[in-house]
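Report on the following structure.
Proteins come first, then strands; the chains are lettered A, B, ... in the order of their sequence lines, and each starts at number 1. On a predicted model such as this, the values are computed, not experimentally measured, just so you know.
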Amino acid sequence: MPELPEVETTRRGIAPHVQGQRVADVVVRQKQLRWPVPRGLKQRLTGQVIRAVERRAKYLLLRFDRGSLIVHLGMSGSLRLVAADAPVGKHDHFDLMLAGGHALRLTDPRRFGAVLWSRGDPLEHELLRALGPEPLDDAFDGERLYRLSRGRRAAVKPFIMDGKVVVGVGNIYASEALFRAGIRPDRPAGGIGRARYVRLAAAIKTVLGEAIAQGGTTLRDFVGGDGRPGYFAQHLNVYGREGEPCPACGAAVRQAVLGQRASYWCPRCQR
DNA sequence: CCCGATTCCTGTAGGC
DNA sequence: TGCCTACAGGAATCGG
């Protein structure tokens, strides 16, 4: 499931190979993803040069001279560089054919992903404009979590997964960060003190940073831009480990649904 | 504003 | 073995 580390892994995998490349053709095989794929991308992009590949939250931004392609991987998407004549699978929805003989291919079985076009600054696109800070930026810290959580009665886990609070923290890393910070995921966000939020912000930064360094987490089918899986799954302490011993204390890891999402925690280490 | 529920989709896993 | 159902989840959107 692509969360921020997986999207960043994808960006790093494809950027050196596509930056400066000219688009030779655009193939749209599935015109309905999360939203309709914009019409006219072939005319708009053919002959244009990919100037940069950036990331904002879990969105990938392919910058061209006259706008940007915004790509979201949803929960099952991958964006890979393949040979131009690679066989096409049933979930290969979108190809940017590159002049160099490769194609940038979006594969997404569940079609929660998106391909959008922004004619101006993509950061001002309506989906990106109101997003919270990047978790690895200095603008995100424990003080921000503390300030925004005052008066909130909802659980802390959905709170840190709220993209207006901080972007890029998905279900897996939310559980992992709360474990590292020693905070129960069901604790009301507004009842947690400043010092604990400082710990939590630090935990979010370190867990995401480590996951990026490992090439992301491959639970089922995530692959980076070069087609290789990520190796962070073996570093997960609690996610997906219901009933298994906590790596720190040995207590059985618990699982419950919070905000419609499976949550995992150690009942002894997390309070 | 806040918060929980619903929605999109399909592969996979579990139950019988 | 095979069928059926529940579940997984990012995040917008809706309803209270």
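When the P atom of C/dA11 is taken as reference, atom CD of A/E3 falls 9 Å away, rounded to whole Å. Here C/dA12 presents its C1' atom at 15 Å from CD1 of A/I70, a figure rounded to the nearest Å. At whole-Å resolution of the value, CH2 in A/W35 and C1' in B/dC9 are 14 Å apart. Rounded to whole Å, atom C1' of C/dG10 lies 17 Å from atom CG of A/L258. Taking atom CG of A/L73 as the reference point, atom P of B/dC9 lies 19 Å away to the nearest angstrom. When rounded to the nearest whole Å, the span between CD of A/E126 and P of C/dT13 equals 7 Å. Put simply, CZ on A/F112 is 9 Å from P on B/dT10, counting in whole angstrom units. In this structure, A/L33 places its CG atom 17 Å from P of C/dG10, rounding to the nearest Å.
Proximity note for A/R153 (side chain, C-beta onward) versus B/dC3, B/dT6, C/dA12: the nearest is B/dC3. Listed candidates were B/dC2, C/dG10, C/dA12. Nearest to the side chain of A/K58 is C/dG10. If you check C/dA8, B/dC2, B/dC8 against the side chain of A/Y239, the one that comes closest is C/dA8. Which of C/dA12, C/dG10, B/dT10 sits closest to the side chain of A/R110 comes down to B/dT10. Distance from the side chain of A/R34 is smallest for B/dC8 among the nucleotides B/dG11, B/dG4, B/dC8.
Phosphate contact (OP1/OP2 of C/dA11, side-chain N/O of A/H72, threshold under 4.0 Å): present. Proximity of A/R261 to the phosphate of C/dA8: no side-chain N or O atom is located under 4.0 Å from OP1 or OP2.
Among the protein residues, A/K90 comes within range of the sugar-phosphate backbone only, with heavy atoms under 4.0 Å from sugar or phosphate atoms but none that close to a base. Backbone-only engagement by A/Y59 is indicated by non-hydrogen atom pairs under 4.0 Å involving sugar-phosphate atoms exclusively.
Within the structure, side chain to side chain donor-acceptor pair (under 3.5 Å) contacts touching residues 56-74 of chain A (residues at least two apart or in different chains) are A/Q48-A/R66, A/R51-A/D65, A/E54-A/R63, A/R56-A/E134.
Each of A/R150 and A/Q260 has a nearest nucleotide on DNA chain B; the 5'-most of these lies closest to A/R150. Residues A/Q32 and A/G259 both approach DNA chain B. Their nearest nucleotides, taken by heavy-atom distance, put A/G259 toward the 5′ side.
Because its NZ or CZ atom is both nearer than 6.0 Å to the ring centre of A/Y146 and within 45° of the ring axis, A/R194 counts as a cation-pi partner of that residue.
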Test log, rule side chain to side chain contact (heavy atoms under 4.5 Å, CB included), inputs A/Y264 and A/L236 = CA-CA 11 Å; A/Y264 301 85; A/L236 297 177; over 6 Å; no

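Counting heavy atoms of neighbouring residues, nucleotides and ligands inside a 6.0 Å radius, atom CZ of A/R29 exceeds 12 of them.
Looking at A/R11 and A/E8, a side-chain N of the basic residue comes within less than 4.0 Å of a carboxylate O on the acidic one, giving a salt bridge.
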